[in-house]
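Heavy-atom basis, side chains included; hydrogens, waters and symmetry copies ignored.
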Amino acid sequence: IRFNDIIGQEPIKKHLQTALAQNNVSHAYLFCGDSGSGRHTLAKAFARALLCEQPTPDHDACGHCKSCLQAASANHPDIRVITHEKFNIRVDEIREQLNNDIQIKPYSSPYKIYIIDEAEKLTQQAQNALLKTIEEPPAYAIIMLLTANEGMLLPTIKSRCVTLTMKPVPLPLIRQYLMEELQIPDYRADICAAFSQGNVGKAK
């Protein structure tokens, strides 16, 4: 997954690629949007671009260096996806997978990236534990929070993140994507695009 593969979300892609170009990357990002809106895809594309060994002139991942191949097979040592067992993300899971781990320098990259999907499931204690790290992260650490409900997050966490909110993708773009990528006939692509309300995941 690269920025070029993502349909829509141009302002967010531009923001992230400009940050890469200017070497002005934040330590914490909050990707907000419903399931299927592209928040996960964007976070992954950003992680790959950050760690790519031979980025393209427009600061996208090259797709074929060692780092890109490791990321594509989901076993990059410097991209950590926080996993959780139950309905919420508990404080011990944040401590073990993030707070304790973040002190260890990156294995092979300039950055070490933590992705927390469904961040709205963080318990209050887990959020407080995370806040300590977001307030004083190591220079190489980047934390990405993905959520469908940013209202569940502490204002203190939100104030320290760069917030990127997914916008509905224009329907003609979704229609074109369905026809070209998924080989769907035009009449079906029309219906799926209309029902998707600009959400690519729903359209698929």
Side-chain angles (χ1 to χ4, degrees), residues 1-83 97-98 101-102 104-119 134 137-148 161-170 173-174 176-178 180-182 198-201 203-204:
I1 303 274
R2 299 159 61 211
F3 288 128
N4 278 343
D5 304 327
I6 297 170
I7 60 167
Q9 311 305 341
E10 297 306 324
I12 296 180
K13 289 192 283 195
K14 192 165 193 287
H15 175 94
L16 295 173
Q17 285 171 289
T18 303
L20 286 162
Q22 296 172 348
N23 207 6
N24 183 23
V25 175
S26 171
H27 283 296
Y29 287 88
L30 181 58
F31 291 84
C32 303
D34 293 337
S35 178
S37 62
R39 56 182 192 201
H40 210 262
T41 316
L42 269 165
K44 278 187 180 166
F46 186 35
R48 289 181 190 187
L50 280 160
L51 303 185
C52 178
E53 292 157 25
Q54 300 158 330
T56 64
D58 62 351
H59 299 278
D60 204 350
C62 71
H64 48 71
C65 70
K66 185 182 175 194
S67 173
C68 283
L69 295 175
Q70 283 179 317
S73 64
N75 71 30
H76 198 297
D78 296 320
I79 300 177
R80 301 295 172 99
V81 179
I82 306 301
T83 56
Q97 297 179 56
L98 198 148
D101 187 79
I102 210 165
I104 304 161
K105 287 196 164 61
Y107 180 74
S108 59
S109 315
Y111 297 107
K112 197 166 185 183
I113 297 167
Y114 294 85
I115 298 176
I116 306 175
D117 197 9
E118 300 181 302
I134 287 183
Y140 51 76
I142 295 175
I143 297 167
M144 302 185 194
L145 299 162
L146 282 46
T147 183
C161 295
V162 171
T163 300
L164 302 168
T165 303
M166 304 296 131
K167 297 278 187 283
V169 176
L173 281 179
I174 293 185
Q176 182 186 355
Y177 169 80
L178 292 172
E180 287 175 7
E181 295 295 316
L182 305 181
N199 180 309
V200 179
K204 282 166 83 167

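Applying the salt bridge (Lys or Arg N to Asp or Glu O under 4.0 Å) rule to Glu10 yields the partners Lys13; only residues at least two apart in sequence or on another chain are considered. Listed by chain and residue number, Leu51, His76, Asp78 satisfy the side-chain contact (heavy atoms from CB on, under 4.5 Å) test with Ser109 (two or more places apart in sequence, or in another chain). Under the side chain to side chain donor-acceptor pair (under 3.5 Å) criterion, Tyr29 pairs with no residue at all, not counting sequence neighbours. Residues passing the side-chain contact (heavy atoms from CB on, under 4.5 Å) test with Asp117, sequence neighbours excluded: Arg39, His40, Leu146. Considering only residues two or more places apart in sequence or on other chains, Thr163 meets the side-chain contact (heavy atoms from CB on, under 4.5 Å) condition with Leu30, Cys32, Glu150, Thr165. Not a single salt bridge (Lys or Arg N to Asp or Glu O under 4.0 Å) links Arg48 to another residue, sequence neighbours left out.
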Would you check, one step at a time, whether the test side chain to side chain contact (heavy atoms under 4.5 Å, CB included) holds for Phe46 with Val25? CA-CA 11 Å; Phe46 186 35; Val25 175; 4.0 Å; yes

Between His15 and Thr18, is the side chain to side chain contact (heavy atoms under 4.5 Å, CB included) condition met? List the steps. CA-CA 5 Å; His15 175 94; Thr18 303; 6.0 Å; no

I would like to know whether Asn4 and Asp58 meet side chain to side chain contact (heavy atoms under 4.5 Å, CB included); could you show each step before the answer? CA-CA 10 Å; Asn4 278 343; Asp58 62 351; 4.1 Å; yes

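Between the CG atom of Leu98 and the NZ atom of Lys112 there is a distance of 9.5 Å, given to the nearest 0.5 Å. Atom-to-atom distance recorded for Arg80:CZ and Ile115:CD1 is 12.0 Å, nearest 0.5 angstrom. Summarising the geometry, atom CD1 belonging to Ile134 is positioned 12.5 Å from atom OH belonging to Tyr114; distances are rounded to the nearest 0.5 Å. For the atom pair Asp34 CG and Thr147 OG1, the distance stands at 10.0 Å (nearest 0.5 Å). The line from NZ of Lys66 to CD of Glu53 is 7.5 Å long, rounded to the nearest 0.5 Å. Tyr177 contributes atom OH, which lies 9.5 Å from atom CG of Asp5 (distance to the nearest 0.5 angstrom).
The two residues Ile174 and Ile7 come nearest to each other via the heavy atoms CA-CD1, 4.1 Å. The two residues Tyr111 and Pro106 have their closest heavy-atom pair at O-CB, 3.7 Å. Met144 and Ile113 get closest at one heavy-atom pair: CE-CG2, 3.7 Å. Across all non-hydrogen atoms, the minimal contact from Lys167 to Gln9 is O-NE2, 2.7 Å. When every heavy atom of Cys62 is checked against every heavy atom of Gln54, the shortest pair comes out as CB-O, 3.1 Å. Considering all non-hydrogen atoms of both residues, Ile12 and Met166 come closest at CD1-CE, 3.8 Å.
By the 4.5 Å heavy-atom criterion applied to side chains, Leu164 and Leu16 are counted as neighbours. Two residues are said to be in side-chain contact when any heavy atoms from C-beta on lie closer than 4.5 Å; Leu145 and Cys161 meet this criterion.
Side chain of Asp60 to main chain of Phe3: a donor-acceptor pair is present (N/O by atom type, distance under 3.5 Å, no hydrogens or angles). Proximity of a side-chain donor or acceptor of Gln70 to a complementary backbone N or O of Pro77 within less than 3.5 Å is not detected.
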